[in-house]
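The next block holds one structure in the form of structure tokens; read it before the comments.
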Protein chains: 2
Amino acid sequence: MSPYDPSAFPPFAVTVDLVVLTVRRHALCALAVRRGESPFQGRWALPGGFVRVDEDLSAAAARELVEETGLCAHDPESPVQVNGAHLEQLATYGDPKRDPRMRVVSVAHLALAPDLPAPRAGGDANSARWAPVDALLTQGGYGREGEQVAPLAFDHAQILADGVERARSKIEYSSLATAFCPPEFTVGELRRVYEAVWGVALDPRNFHRKVTGTPGFLVPTGGTTTRQGGRPAQLFRAGGATLLNPPMLRPDV
Amino acid sequence: MSPYDPSAFPPFAVTVDLVVLTVRRHALCALAVRRGESPFQGRWALPGGFVRVDEDLSAAAARELVEETGLCAHDPESPVQVNGAHLEQLATYGDPKRDPRMRVVSVAHLALAPDLPAPRAGGDANSARWAPVDALLTQGGYGREGEQVAPLAFDHAQILADGVERARSKIEYSSLATAFCPPEFTVGELRRVYEAVWGVALDPRNFHRKVTGTPGFLVPTGGTTTRQGGRPAQLFRAGGATLLNPPMLRPDV
DNA sequence: GTGTTTATCGTCAGGAAGACGACTATGATC
DNA sequence: GATCATAGTCGTCTTCCTGACGATAAACAC
């Protein structure tokens with residue numbers, strides 16, 4: 001492979017696809033966009049697009065995230081959440097037949113965001129939405145209004161499943177669950193994140209003892225809130241720790 | 001992006017690079033090949049090569065692994081192979097400037113292998129070797145004969161570091177450490193794998209209690225061996241479990 | 001006030017893990 | 001053959017973590 005001759009290697013298209021997760025109404029939800037073109041026209045898919053010539057992979061993912069979620073300073077109320085959204089590379093999918101048109105290698109990324117306002121997508125309000133991952137992953141699942149939903153386009157069901165699995169396991173040993181929360185949050189709100197992502201019920205007392213006892217996980221802000229009803233709860237920010245020691249333990253497994 | 005026009009997206013070259021790890025003489029070692037061409041001519045690099053037109057990413061990685069080491073990648077579907085090795089996707093590296101010649105996106109893979117005979121590489125015995133990862137990762141480290149070694153080519157130091165970190169963390173909660181062992185091994189041999197990968201000393205008694213008590217991790221074969229000297233040790237095979245519960249705990253951290 | 005909801009503290013039993021003593025079974029050395 | 005070095009295996013003890021769960025606290029709705 002000495003001198004670089006464009007005919008000496010096969011040309012690929014490289015894209016980024018995004019698994020954007022959030023917790024809405026006690027359910028883990030993913031961002032889905034409706035395809036306007038063939039193939040899979042009309043089907044739901046993960047947001048994504050081509051990587052540009054002089055663009056790093058992570059930059060392409062960040063750009064797509066901004067384009068699809070519209071969080072780029074358009075929401076003056078929550079700019080901090082936007083900047084705090086977590087983004088990481090997930091995996092790369094390159095089956096030769098994953099796109100019927102051509103050879104496309106897609107570098108999937110995982111984004112975790114707090115509950116956001118309804119998504120926007122190119123001005124077409126109907127073309128993007130949050131959907132519970134359970135519905136998206138169930139072959140022939142049911143959508144928000146109970147209608148039948150076709151499986152995701154391409155291999156996006158696999159990508160979504162991998163992203164969900166990554167999130168489920170990573171909140172065990174990292175402080176990533178705070179990425180689902182607003183900048184200030186209560187222990188109860190954090191617990192509901194774990195419950196939604198894992199799909200289990202956790203004991204509030206043991207959970208409280210655990211998270212407040214893990215060094216570097218939570219930092220009290222001094223404020224309190226009653227937005228959840230009941231007795232006022234302390235507000236916390238995410239501490240500096242990224243790795244939790246000891247880790248949170250998922251029941252069963 | 002309706003009709004697929006080759007000029008509508010930038011063409012990329014896609015390669016696979018391999019982080020092949022093994023444990024030799026109580027040290028974690030990686031496979032390195034010497035570059036014969038510019039750029040980075042004469043420098044050490046990770047093995048790798050172009051993905052072919054109709055080849056899946058994992059197939060390309062497995063092919064490169066065979067070409068460089070003669071190893072067969074272990075297929076979870078098929079029975080354990082004598083020359084089996086663990087192979088998994090690691091991460092994808094696509095900085096626009098990572099290769100000075102052109103835009104190359106590299107899908108790095110991680111392979112774990114038992115201690116192998118000296119590597120072969122295209123018949124040139126001097127062009128491939130096992131090197132301790134510490135030496136490869138230390139900028140201006142020292143090689144086997146104590147000579148100064150230049151840093152790895154391209155961004156391969158970063159890729160290697162990521163691969164080592166993946167291996168270090170993954171043997172905590174999975175049975176992956178057995179991939180460094182021959183098909184039958186003793187508890188002591190497995191312990192020396194953990195010690196080499198983590199770079200710590202472990203208590204033989206607690207380690208023995210732990211691994212023999214973790215369900216599905218080890219299956220006694222009934223045989224014994226004295227190849228390590230001392231009292232004969234029981235031989236084990238890897239059990240079916242891939243996820244360890246409870247996990248092995250890395251000291252400190 | 002009473003009831004409901006959520007937050008927070010405390011207690012207790014069971015289990016896991018680190019530290020470490022003791023014993024066993026080989027080969028090597030004298 | 002006795003002794004020693006080496007490695008493997010079994011136990012014990014203490015400490016800490018965790019799950020189960022009782023009890024109290026502070027808000028709101030009626």
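Naming convention: chains lettered A, B, ... in sequence-line order (proteins, then strands); numbering from 1 in each chain. Quick caveat, the model's predicted, so the values are computed rather than measured.
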Rounded to whole Å, CE of A:Met248 lies from P of D:dC17 at a distance of 14 Å
B:Gln234 CD to C:dT26 P, straight-line distance once rounded to whole Å:
13 Å
Examine C:dT8: is either OP1 or OP2 under 4.0 Å from a nitrogen or oxygen in the side chain of A:His208? Give yes or no.
yes
Phosphate oxygens OP1/OP2 of C:dA16: is one of them under 4.0 Å from a side-chain N or O of B:Lys210?
no
Could you give the CG-to-C1' distance, from A:Leu244 to D:dT18, as a whole number of Å?
16 Å
Whole-Å distance, B:Gln228 CD to D:dT9 P, equals 12 Å
Return the minimal non-hydrogen interatomic distance between B:Leu57 and B:Gln89, and the atom names on each side.
CD1-NE2, 4.3 Å
5'-most contact on DNA chain D (nearest-nucleotide basis), A:Asn206 vs A:Thr226, goes to A:Asn206
Hey, is the main chain of A:Leu46 close enough, under 3.5 Å, to the side chain of A:His156 for a donor-acceptor pair?
yes
With a 3.5 Å distance limit and no angle check, can you tell me whether B:Lys170 reaches the backbone of B:Ala177 through a side-chain donor-acceptor pair?
no
When we call it a touch if two heavy atoms are under 4.0 Å apart, what does A:Arg227 touch: a base, just sugar-phosphate, or nothing?
nothing
Determine whether any donor atom in the side chain of A:Arg231 lies under 3.5 Å from an acceptor atom in the base of C:dA7, or the reverse, and answer yes or no.
yes
Atom CZ of A:Phe207 and atom P of D:dC17 are separated, to the nearest Å, by 17 Å
Closest to the 5' end of DNA chain D, once B:Pro204 and A:Asp203 are matched to their nearest nucleotides, is B:Pro204
Would you mind reading off the distance between A:Arg209 atom CZ and D:dG19 atom P, rounded to a whole angstrom?
8 Å
C:dG10 base to A:Arg205 side chain: any donor-acceptor pair below 3.5 Å?
no
Do you know the tightest heavy-atom contact between B:His109 and B:Ser58?
NE2-CA, 4.1 Å
Give a yes or no answer on whether the side chain of A:Ser169 reaches the backbone of A:Arg166 with a donor-acceptor pair at less than 3.5 Å.
yes
So which nucleotide from C:dG18, C:dA7, D:dT18 ends up closest to the side chain of A:Leu249?
D:dT18
Taking atom P of C:dT6 as reference, at what distance in whole Å does atom CG of A:Leu190 sit?
17 Å
Separation of atom CZ in B:Phe185 from atom P in D:dG8, rounded to whole Å:
13 Å
